Amino acid sequence: MNESRISITLPDGSSKRLPRGSTAADLAAAIGPGLARAAVAARVNGALTDLSAALPDGAEVAIVTRSDEDPDALYVLRHSAAHALATAVRERVPGAGIGFGPPIDDGFYYDFEVPAPFTPEDLEEIERTMAEVAGADDPFERREVTRDEATELFADDPLKLERLGEIPEGEAISVYRNGPFVDLCRGPHAPRTGEIRHFRLLSAAGAYWRGDERRQMLQRIYGTAFYSREALDAYIARMEEARKRDHRKLGRELDLFSIQDEIGPGLVCWHPRGARVQLELRRWIEDLQEAHGYQFVYTPHVSSEALFRRSGHLPNYAENMYPRMEDEDGEAFRVKPMNCPGHITIYAANPRSYRDLPVRLAEVANVYRNERSGTLHGLLRVRMLTMDDGHVFCTPEQIEDEIFICLELVDTVMTTLGLDYRFDLSTRPDGDKRIGGDEVWDVAEGALRDALERGGLEYKLDEGGGAFYGPKIDIKYKDAIGREWQGATIQLDFNLPERFELEYMGTDNKPHRPVMIHRAIFGTLERFTGVLIEHFAGAFPPWLAPIQVRVLPITDAHAEAAGDIRDRLAAEGLRVELDARSDTLGYRIRDGELQKVPYLLVVGDREIEAGTVAVRARGAKRKQEVVPLDEFISRIRHRVETRSLET
RNA sequence: GCUCGCGUAGCUCAGGGGUAGAGCGCAUCCUUGGUAAGGAUGAGGUCGCGGGUUCAAAUCCCGCCGCGAGCUCCA
């Protein structure tokens, strides 16, 4: 063994010997000049590091090369782009305070404390300056400094000093310099600013320092960066394409719903077509739940205020509840923000035996939440929500099975619709925002984790994200432009049964406390429908499409026969329209396509004579197919009955 | 709720201190057309609401309401 050399293991299992003190860049060069040129960072023993980092003996090292497909490569590029942005802002606004500037999923941002917010024109100028920063091709130089040095370095930067104060004693403090700009930063970075060639600043908006609304608001600039012009252009094009799927735009174009000032913000009016989609979803989820042992109940929209005091909603959830109202005797009532207190009351209305458990109550119910105005967003965040709500009352031993039933329901729904989603496990919120003791939370969180792990399901931990009464498993999915929204939720609750002193008689002839599971499969019909509109880009599968078939007579002479076909299809239970307008066939076909009707049936002399229809199935490979009417009917009925995604 | 931006016809948008514009949609008429926009004519707006400046405000200023992006919060 030569002590002056180190041994490095490469991803393919081979090893390389290098002089002690060699860096990742040296390793790349030793492997080949092409790799050396393409290298932007390295993964050393699993951790992403700078190319300039010295390699420890025995390390497993993978060189990260320029690539718009490799998340590591994009991470360092965008992180470096954030620094270049800060460099540019500092140049234009000397003395601008700098907050955090991390890479994010689709790009990067940097937060600044500046005297005046950035205007769109500012952004253009900053972008030009940033191009100069990149053009200077300065190296990113990492340096580890002492706490005193760092304090000196950032003496004029209170935000950085605050962050510095939080770095634990003993942990390395690193700074990165590029040209005139020095930042307190963990890294890693690209070797030089010249790497940042294809970037775009996207928007500016306020953002609270440290994400705390009690602190000052900084000005955040968002941008994105790629290694190639093509990838950047593709990203911009994809975003523009995504905006066309926006459910608010499609909702208007397809006449699904409206949200109008006359009614109020966050309050949705479902037009006949949107209401039809909702109705189909609702019938489906009701049937599914019934098949899984749920019983349906109805509870009032308004309840005595005392109920919500006992449930803990008033102390913990009041800011999202509409104000109290009084009857003529001074009795106080509240509009319900959740259904749990009502369902609990139903459970408690009868004595329960262990033989009755689990009791599964379900209600597709409207609840009202006074959401902050700035959070409202089309169908995805509203003030009147329709939850497909359910509450399971069971013994502790039954928890895991019951959660499994919920996960099964979720899976059925998601796979039927082809939605992508992921699980979050949300744990206890901060002390003043929760009820119940730590032991109870330990048990509840453990039960959810066990259920997920028993099912082999992957999940992300959302610490502190639980409800005030218990931890939860949430399903998250993305809208057209990549924002995440919460859909299904499965929440475990040991607290409300305690507050309402719920009981069941055990085998031991003694009263016991049941456990409660709160769960919603769609989440809310509003949000779920909104996500579906974007998921399908308005082109609902036949079983969900508000209008399934449109019949187009070629001329007036065919209108009567087309009307008969319409009647026949309607009698078969299909949602069908006759389009006998005096516009040309081409015009009516275009209109049917734009309205995303799954099937357009063209009817002329030939079809009438043969008893066929010329079917234009949406998205079909063959533009048109002439089939006997009966055959068409059985085909579409099959699609509808199986909830097929095909047309 | 906070920061910034925006609010002109049903929709998408132009205009910008001095008589309100386009395309699409809608209505009427002509056209009866075989697969993504046939033609003509016409109706439709106190320029989000309220104040102010001005001889004059859709236009400039202030406030409010709503919308958008982001933050915070959440199904």
Side-chain angles (χ1 to χ4, degrees), chain A residues 109 111 116-120 122-123 202-222 243 246 248-249 252-253 255 258-262 264-266 317 319-320 337-338 367 369-383 385-389 426 429 433 465 467 472 474-477 481 483-489 491 518-528 530-531 552-559 580-594 600-607 614-616 623-624 626:
Chain A
Y109 69 79
D111 288 340
F118 299 110
T119 64
D122 290 338
L123 243 54
L202 300 171
S203 62
Y208 299 109
W209 170 233
R210 310 311 299 266
D212 185 338
E213 64 181 324
R214 289 163 302 194
R215 305 277 240 131
Q216 72 267 43
M217 186 162 264
L218 308 180
Q219 297 302 318
R220 174 173 299 178
I221 295 177
Y222 283 93
R243 273 183 269 278
D246 190 313
R248 294 163 298 186
K249 182 175 156 69
R252 195 183 307 110
E253 289 171 359
D255 197 20
S258 62
I259 298 170
Q260 300 175 50
D261 294 357
E262 285 81 349
Y317 200 72
E319 56 187 30
N320 282 315
M338 295 188 195
V367 297
R369 298 183 184 176
N370 195 3
E371 301 287 346
R372 303 208 305 189
S373 60
T375 65
L376 301 176
H377 184 93
L379 293 178
L380 300 183
R381 190 74 179 274
V382 295
R383 284 182 173 157
L385 305 59
T386 310
M387 301 187 74
D388 61 325
D389 209 356
S426 303
K433 285 185 194 155
K472 51 184 188 164
D474 290 328
I475 276 73
K476 296 276 171 72
Y477 30 53
I481 65 169
R483 288 176 292 216
E484 277 204 331
W485 299 88
Q486 183 185 317
T489 181
Q491 313 180 344
H518 310 240
R519 34 102 296 165
I521 307 303
F522 291 155
T524 69
L525 279 160
E526 287 78 11
R527 179 173 292 177
F528 197 69
V531 168
L552 314 183
I554 290 180
T555 73
D556 290 353
H558 312 113
R581 289 178 291 180
S582 70
D583 298 285
T584 59
L585 181 63
Y587 178 89
R588 286 174 289 146
I589 285 174
R590 176 180 152 83
D591 187 61
E593 298 273 347
L594 291 176
L600 301 177
L601 305 186
V602 177
V603 177
D605 289 333
R606 298 201 292 266
E607 288 77 16
V615 183
R616 286 183 62 116
K623 198 163 142 194
Q624 176 168 275
V626 180

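Protein chains get the first letters and strands the later ones, always in sequence-line order, with residue 1 at the start of each. None of the values given here were measured: they were computed from a predicted structure.
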Using a cut-off of 4.0 Å on non-hydrogen atoms, how would the nucleic acid contact of [X] be classed: base, sugar-phosphate, or nothing?
{"X": "K472(A)", "value": "sugar-phosphate"}
{"X": "Q219(A)", "value": "sugar-phosphate"}
{"X": "Q486(A)", "value": "sugar-phosphate"}
{"X": "G374(A)", "value": "base"}
{"X": "V367(A)", "value": "nothing"}
{"X": "E484(A)", "value": "nothing"}
{"X": "Y222(A)", "value": "sugar-phosphate"}
{"X": "T119(A)", "value": "nothing"}
{"X": "G487(A)", "value": "sugar-phosphate"}
{"X": "G604(A)", "value": "base"}

[N] versus [M] - spacing of their [atom1] atoms, nearest Å:
{"N": "rU28(B)", "M": "rG44(B)", "atom1": "P", "value": "16 Å"}
{"N": "rA14(B)", "M": "rG66(B)", "atom1": "P", "value": "24 Å"}
{"N": "rA20(B)", "M": "rC13(B)", "atom1": "C1'", "value": "14 Å"}
{"N": "rU35(B)", "M": "rU46(B)", "atom1": "C1'", "value": "46 Å"}
{"N": "rG42(B)", "M": "rG1(B)", "atom1": "C1'", "value": "48 Å"}
{"N": "rC74(B)", "M": "rC62(B)", "atom1": "C1'", "value": "34 Å"}
{"N": "rG7(B)", "M": "rC55(B)", "atom1": "P", "value": "28 Å"}
{"N": "rC6(B)", "M": "rC64(B)", "atom1": "C1'", "value": "16 Å"}

Check the pair L585(A), L552(A) against side chain to side chain contact (heavy atoms under 4.5 Å, CB included), reporting the backbone distance first and the verdict last.
-> CA-CA 7 Å; L585(A) 181 63; L552(A) 314 183; 4.1 Å; yes
Please work out whether the ring planes of F528(A) and F522(A) are parallel, tilted or perpendicular, with thresholds of 30° and 60°.
->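 The arrangement is parallel - the two ring planes meet at less than 30°.
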Taking atom CD of E319(A) as the centre, does the number of heavy atoms from other residues, nucleotides or ligands within less than 6.0 Å exceed 12?
-> no
Verify the neighbour count for atom CZ of R214(A): are there more than 12 heavy atoms of other residues, nucleotides or ligands below 6.0 Å?
->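 Not buried by this count: 12 neighbours or fewer within 6.0 Å.
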Of the options [options], whose atoms approach the side-chain atoms of [X] most closely?
{"X": "T555(A)", "options": "rU35(B), rG33(B), rC4(B)", "result": "rG33(B)"}
{"X": "Y587(A)", "options": "rA75(B), rC2(B), rG38(B)", "result": "rG38(B)"}
{"X": "T584(A)", "options": "rA36(B), rG33(B), rG66(B)", "result": "rG33(B)"}
{"X": "Y208(A)", "options": "rA75(B), rG1(B), rG70(B)", "result": "rG1(B)"}
{"X": "L385(A)", "options": "rA75(B), rG34(B), rU3(B)", "result": "rA75(B)"}
{"X": "H377(A)", "options": "rA75(B), rA69(B), rG66(B)", "result": "rA69(B)"}
{"X": "A207(A)", "options": "rU72(B), rC71(B), rA75(B)", "result": "rC71(B)"}
{"X": "M217(A)", "options": "rC73(B), rU3(B), rU35(B)", "result": "rU3(B)"}
{"X": "D556(A)", "options": "rG70(B), rA75(B), rG33(B)", "result": "rG33(B)"}

Using whole Å, what does the distance between atom [atom2] of nucleotide [N] and atom [atom1] of [X] come to?
{"X": "R369(A)", "N": "rC73(B)", "atom1": "CZ", "atom2": "C1'", "result": "12 Å"}
{"X": "L376(A)", "N": "rC65(B)", "atom1": "CG", "atom2": "P", "result": "14 Å"}
{"X": "M387(A)", "N": "rC74(B)", "atom1": "CE", "atom2": "P", "result": "14 Å"}
{"X": "D246(A)", "N": "rC67(B)", "atom1": "CG", "atom2": "C1'", "result": "12 Å"}
{"X": "R383(A)", "N": "rG1(B)", "atom1": "CZ", "atom2": "C1'", "result": "10 Å"}
{"X": "D122(A)", "N": "rU3(B)", "atom1": "CG", "atom2": "P", "result": "18 Å"}
{"X": "I259(A)", "N": "rG66(B)", "atom1": "CD1", "atom2": "P", "result": "13 Å"}
{"X": "E262(A)", "N": "rC65(B)", "atom1": "CD", "atom2": "C1'", "result": "12 Å"}

Classify the side chain of R372(A) versus the base of rU72(B) as yes if they form a donor-acceptor pair under 3.5 Å and no if they do not.
->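 Looking at the base of rU72(B), it does pair with a donor or acceptor on the side chain of R372(A) (distance under 3.5 Å).
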State whether the distance check finds a donor on one side and an acceptor on the other, under 3.5 Å, for side chain E319(A) versus base rG1(B).
->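 Side chain to base: no pair below 3.5 Å.
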Looking at [N], I'd like to know if its phosphate oxygens (OP1 or OP2) sit under 4.0 Å from a side-chain N or O belonging to [X].
{"X": "R252(A)", "N": "rU12(B)", "value": "yes"}
{"X": "K249(A)", "N": "rC11(B)", "value": "no"}
{"X": "R483(A)", "N": "rA69(B)", "value": "yes"}
{"X": "K623(A)", "N": "rA36(B)", "value": "yes"}
{"X": "R248(A)", "N": "rA69(B)", "value": "yes"}

More 5' along RNA chain B: D474(A) or R220(A), using each one's nearest nucleotide?
->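 Its nearest nucleotide lies further toward 5', so the answer is R220(A).
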Residue met sooner reading RNA chain B from 5', once A557(A) and Y477(A) are mapped to nucleotides |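 Counting from the 5' end, the first nearest nucleotide belongs to A557(A).
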Are I221(A) and F118(A) side-chain neighbours, meaning at least one heavy-atom pair lies under 4.5 Å?
-> yes
Evaluate the side-chain proximity of L600(A) to E593(A): yes if any heavy-atom separation is below 4.5 Å, no if none is.
->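 SC-SC contact between E593(A) and L600(A) confirmed.
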Cation-pi check, R220(A) onto Y109(A) ring (under 6.0 Å, within 45° of axis) = yes
[X] [atom1] to [Y] [atom2] distance, which is reported to the nearest 0.5 Å:
{"X": "R527(A)", "Y": "R381(A)", "atom1": "CZ", "atom2": "CZ", "result": "6.5 Å"}
{"X": "R369(A)", "Y": "M387(A)", "atom1": "CZ", "atom2": "CE", "result": "5.0 Å"}
{"X": "D605(A)", "Y": "I554(A)", "atom1": "CG", "atom2": "CD1", "result": "7.5 Å"}

Determine, step by step, whether R519(A) and D389(A) satisfy the salt bridge (charged side-chain N to carboxylate O under 4.0 Å, His left out) criterion, reporting the C-alpha distance in whole Å, the side-chain angles of both residues, the deciding distance to 0.1 Å, and the verdict.
-> CA-CA 6 Å; R519(A) 34 102 296 165; D389(A) 209 356; 5.5 Å; no
Kindly express the pairing pattern of RNA chain B in dot-bracket notation, using | wherever a base pairs with another strand and counting only Watson-Crick or G-U pairs under 3.5 Å.
-> (((((((..((((....[..)))).(((((.......))))).....(((((..]....))))))))))))....
Among R243(A), R248(A), K249(A), find the one that has a salt bridge (Lys or Arg N to Asp or Glu O under 4.0 Å) with D246(A).
->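 So, applying the salt bridge (Lys or Arg N to Asp or Glu O under 4.0 Å) to D246(A) and each of R243(A), R248(A), K249(A), only R248(A) qualifies.
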